There are 2 protein chains.
Amino acid sequence: MKNFFQAKRVAIIGASKEEGKVGNVIFQNFLGLPFKGEVFAVNPTAEEVMGYPAYKKLKDIPGKIDLAVIAIPAKYVIKAVEECGKEKIKNLIIISAGFKEIGNKKLDNQLQKMLSKYKIKCIGPNCLGVYSSQGVDTLFLPKFRLKRPKPGTISFVSQSGASGSAILDLAAEQGYGFSKFISYGNAMNINETDLIEYLGEDKETKVICLYVEGISDGKRFLDVCRKISRKKPIIAIKGGISKKASQATLSHTGSMAGQAEIYFGAFKQAGIITAHNLEEMFDYLRIFEKIHIKPKGKKIQVITNGGGYGILSTDAIEHFELEMAEPSKKTTNSLKNKMPAIAVIKNPTDLLGDANTQRYKDSITAYNKDKNVDIIMATILPQTPLIGEKSIIAALKELKKQIKKPLVTITTGSKYAKELRKKIEKTGIPCFEFPYNAARALKEFTSFFS
Amino acid sequence: MKNFFQAKRVAIIGASKEEGKVGNVIFQNFLGLPFKGEVFAVNPTAEEVMGYPAYKKLKDIPGKIDLAVIAIPAKYVIKAVEECGKEKIKNLIIISAGFKEIGNKKLDNQLQKMLSKYKIKCIGPNCLGVYSSQGVDTLFLPKFRLKRPKPGTISFVSQSGASGSAILDLAAEQGYGFSKFISYGNAMNINETDLIEYLGEDKETKVICLYVEGISDGKRFLDVCRKISRKKPIIAIKGGISKKASQATLSHTGSMAGQAEIYFGAFKQAGIITAHNLEEMFDYLRIFEKIHIKPKGKKIQVITNGGGYGILSTDAIEHFELEMAEPSKKTTNSLKNKMPAIAVIKNPTDLLGDANTQRYKDSITAYNKDKNVDIIMATILPQTPLIGEKSIIAALKELKKQIKKPLVTITTGSKYAKELRKKIEKTGIPCFEFPYNAARALKEFTSFFS
């Protein structure tokens with residue numbers, strides 16, 4: 001499988017010089033980083049593509065090809081696959097649509113047979129293919145529309161191309177680091193389970209993310225997930241859980257989706273974390289990507305500079321069946337000595353509207369030492385006048401090195417707050433928008449480790 | 001009450017020339033728009049504030065004052081209120097903290113008596129006060145930290161200052177238009193119900209938004225809300241619904257919060273829309289601020305250019321107990337003639353990854369005419385290559401004028417998608433981030449009108 005992600009010599013069948021065409025965008029993707037190998041254009045009618053020689057036939061390319069990408073109309077695909085087979089290419093990504101998803105079963109069968117005949121592993125057809133931080137990028141959406149993520153430890157398997165890419169785009173912008181993104185389309189030859197199994201063993205991948213509508217082999221899927229979810233979180237969105245949607249799924253990728261309850265129950269047993277919508281998935285990613293400290297339990301200490309956020313945090317913690325920590329007298333007394341008399345030093349701890357970096361430093365440090373506290377959840381509202389971005393970031397960087405407990409933060413607001421969130425997340429501390437989101441993520445986070 | 005929002009002659013007691021001080025920020029707020037009246041600095045020790053003469057005593061100011069703002073230490077407040085009373089000032093905002101919220105009942109009683117004695121209406125103490133698009137701005141958070149919203153029809157009443165201002169800041173950045181924001185703090189003299197009652201009659205206010213922890217007079221609150229919610233949506237977040245939070249509330253604003261179920265049940269009966277978290281509130285604001293067409297029913301037609309989003313939309317519609325519309329044969333046949341053969345023209349309608357503006361125009365126009373459709377929900381994923389921002393915005397502008405049904409849109413992604421969302425919302429069409437959020441908002445929207 002690894003050629004799908006790390007291939008060094010790639011042929012683009014259907015590489016085109018016409019701007020905006022799928023074969024043009026994909027070819028261009030391989031001209032720059034992260035790809036470091038050689039790319040070859042295959043096009044029977046062109047002399048050159050973007051200044052590179054175009055090969056009329058695959059066999060004209062000198063040397064061995066690790067991976068071929070097919071981006072030509074469906075009716076020419078079978079022949080192209082045959083040529084790949086003859087050239088002993090074992091890894092193939094077929095972008096082209098027009099197979100079982102539009103009811104063309106005949107072409108589907110032909111393709112399946114051809115792949116079997118030459119023992120080719122194939123992603124697609126009817127997909128976006130692969131984005132890998134190790135080089136391969138077959139996403140035919142130009143970078144100004146679809147931002148590529150920075151390298152990281154999340155791998156994302158998506159049955160839906162457009163939806164998957166919208167999510168990838170948003171994730172990239174929010175600063176999530178990805179190892180691999182795979183849009184596998186019709187799953188004719190490689191399905192969601194094959195990919196999860198591979199990612200389970202993949203050292204670059206620490207968190208597996210899945211958008212799936214239909215599952216080809218339910219039993220194997222659950223078996224594989226059960227094994228992998230013991231060491232890596234698998235976060236899944238199941239599309240097509242409603243009755244109406246099951247019907248729509250059928251026409252969308254030609255696979256059948258089933259009933260909500262059955263899926264969610266089975267997912268849970270297999271250790272899969274279900275996200276009920278995309279936003280939820282992002283919040284889970286945020287915590288699992290960043291925190292690798294196992295929490296001792298689920299007793300949360302809340303710190304805030306806005307009383308209301310203390311209340312909302314408490315509500316959310318109870319709602320998600322976590323616990324409010326009860327810090328020791330020793331801790332609270334030592335903190336009281338350092339704080340103004342009207343600060344509320346219990347749980348939640350209200351550092352008040354005139355809180356500065358020092359109060360956060362003191363309280364996080366104190367609760368880090370308190371055995372009654374498992375996790376620290378700190379709201380930092382930057383609308384209040386004494387929160388200095390530079391000093392709070394410097395303090396969090398320092399704290400991140402020292403603390404032995406999961407620490408999550410929350411901030412809300414416009415440009416200034418968003419900048420602060422980005423910078424906090426760069427220190428490796430997750431920063432949520434609202435207490436509700438933080439508590440929901442902590443719920444799954446503590447469950448994963450328990 | 002209207003002097004709290006439209007006062008023309010305002011005295012700032014505690015106006016200061018020291019940058020960063022509360023009395024400095026507030027005084028500065030009145031030096032520029034939206035305030036168009038006269039502002040007077042009261043400060044016994046300064047000669048001038050920001051180049052304006054400082055009055056040693058309130059009575060030194062020539063002419064009548066409509067509104068006084070007090071931003072001085074708690075121990076000097078009673079005397080200042082007395083001076084206001086003697087000068088026949090009837091509207092007062094007390095920013096200062098240090099009353100019942102820190103257990104200082106004695107000072108609290110003194111203040112209460114003084115206000116009664118002179119029949120003064122007072123917002124606060126322990127609050128941020130008021131932001132009004134008609135002029136008054138006592139928020140002591142500088143504009144670079146707390147963005148002020150554009151003028152609009154939302155009015156927001158918040159018990160919590162810091163939390164309220166974080167929400168205001170985020171709302172401003174997302175382009176929501178506000179008429180008034182009121183942080184009422186300890187609610188000693190004017191409480192949440194008084195404010196809602198006023199906003200219910202206020203012509204500038206079309207949507208009322210509330211963040212409340214404790215409610216002073218439950219029966220009156222519900223009576224007032226029941227009446228107003230018939231004509232204006234009231235969206236409320238109730239902080240302090242958990243047992244632990246009830247305790248924290250007590251120390252935060254000195255008011256008592258109660259049990260979740262009791263509140264939610266009573267809210268519902270009074271026609272209040274409960275938002276369970278801040279994000280939910282934003283989604284409700286999005287739809288109630290923008291759409292003023294009454295939906296005929298709750299049959300939704302889904303349009304998308306990403307099959308997965310069609311599935312997720314269908315799931316969300318079923319989850320929130322809305323209905324999938326069943327468009328007439330006439331509509332789908334006429335649309336099929338205009339679309340490529342593989343486009344899926346039913347519900348959801350999948351315009352495919354190569355969808356352009358024309359396909360959206362055709363399908364929205366067709367479903368607008370179809371009697372079987374009450375509401376249109378269109379996903380526009382801009383990662384696909386043929387979505388042109390300019391043309392889609394021009395088309396939506398045109399459609400907004402023509403259509404007779406609520407239309408909501410969805411888009412997901414990074415910079416490009418966010419730009420698109422902003423521009424769509426400028427046309428007056430709500431644009432959500434995910435199908436789940438759109439369906440949740442439509443649920444409350446259709447309930448409000450039914």
Side-chain angles (χ1 to χ4, degrees), chain A residues 20 102 141-142 144-147 159-167 169-170 172-173 211 213 239-245 248-249 251-253 277-279 305-312 314-315 318-319 324 342 344 348 350 353 381-385 412-417 433-434 436, chain B residues 20 102 141-142 144-147 159-167 169-170 172-173 211 213 239-245 248-249 251-253 277-279 305-312 314-315 318-319 324 342 344 348 350 353 381-385 412-417 433-434 436:
Chain A
I102 61 157
L141 307 168
F144 80 94
R145 286 183 181 270
L146 175 67
K147 193 174 172 173
Q159 183 166 1
S160 175
S163 311
S165 64
I167 298 166
D169 184 30
L170 180 59
E173 203 233 0
Y211 174 83
E213 287 159 7
I241 51 168
S242 54
K243 278 175 220 153
K244 288 272 177 191
T249 310
S251 64
H252 175 218
T253 46
N277 56 66
L278 298 170
E279 202 223 0
N305 61 338
Y309 270 56
I311 306 276
L312 292 173
T314 309
D315 286 348
E318 202 167 298
H319 178 78
M324 289 293 279
I342 62 165
V344 183
D350 188 350
L381 296 175
Q383 288 80 15
T384 59
T412 305
S414 69
K415 228 171 169 177
Y416 194 76
E433 192 158 19
F434 302 117
Y436 184 89
Chain B
I102 61 157
L141 308 167
F144 81 94
R145 287 182 180 271
L146 174 67
K147 194 174 170 173
Q159 184 166 359
S160 175
S163 311
S165 65
I167 298 166
D169 185 29
L170 180 59
E173 203 232 358
Y211 174 84
E213 287 159 6
I241 52 169
S242 54
K243 278 176 220 150
K244 288 271 177 191
T249 309
S251 65
H252 175 218
T253 46
N277 56 66
L278 297 171
E279 203 224 0
N305 62 338
Y309 270 56
I311 306 277
L312 292 173
T314 309
D315 286 348
E318 203 167 297
H319 178 77
M324 289 292 279
I342 62 165
V344 184
D350 188 349
L381 296 175
Q383 288 80 15
T384 59
T412 304
S414 69
K415 228 172 171 178
Y416 195 76
E433 193 159 17
F434 302 117
Y436 184 89

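Throughout, a chain's letter reflects where its sequence line sits, starting with A, and its residues are numbered from 1. As the structure is a computational prediction, the values presented were derived from the model and not from experiment.
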Colleague: Counting heavy-atom pairs under 4.5 Å to chain A, which of B/H319, B/E433, B/M324, B/E173 comes out on top?
Modeller: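 Maximum pair count with chain A is reached by B/E173.
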Colleague: To the nearest 0.5 Å, what is the distance between CG on B/L312 and OH on A/Y211?
Modeller: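 So the gap between those two atoms works out to 4.0 Å.
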Colleague: Please tell me if the side chains of B/L170 and A/F434 come closer than 4.5 Å, counting only heavy atoms from C-beta onward.
Modeller: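 B/L170 reaches A/F434 side chain to side chain.
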Colleague: With sequence neighbours left out, write down each residue that passes side-chain hydrogen bond (donor to acceptor under 3.5 Å, both in side chains) with A/T412, or none if nothing qualifies.
Modeller: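 side-chain hydrogen bond (donor to acceptor under 3.5 Å, both in side chains) list for A/T412, sorted by chain: A/Y309.
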Colleague: Under the 3.5 angstrom rule, does the side chain of B/R145 hit a backbone N or O of A/Y416 as a donor-acceptor pair?
Modeller: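 No, B/R145 side chain to A/Y416 backbone: no donor-acceptor pair under 3.5 Å.
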Colleague: Measuring from atom CG of B/L141 to atom CG of A/L381, what distance do you get when rounded to the nearest 0.5 angstrom?
Modeller: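 Separation between the atoms: 10.5 Å.
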Colleague: Step by step, work out the side-chain contact (heavy atoms from CB on, under 4.5 Å) result for B/D169 and A/S414.
Modeller: CA-CA 5 Å; B/D169 185 29; A/S414 69; 2.6 Å; yes
Colleague: Could you measure the distance from the NZ atom of A/K415 to the NZ atom of B/K147? Nearest 0.5 Å is fine.
Modeller: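 Result: 7.0 Å between the selected atoms.
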Colleague: Taking all heavy atoms of A/S160 and all of B/G308, pick out the closest pair and write down the distance.
Modeller: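 It is OG-N, 3.3 Å.
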Colleague: Measuring from atom CD1 of B/I311 to atom CD of A/E213, what distance do you get when rounded to the nearest 0.5 angstrom?
Modeller: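 Answer for the CD1-CD pair, B/I311 versus A/E213, is 4.5 Å.
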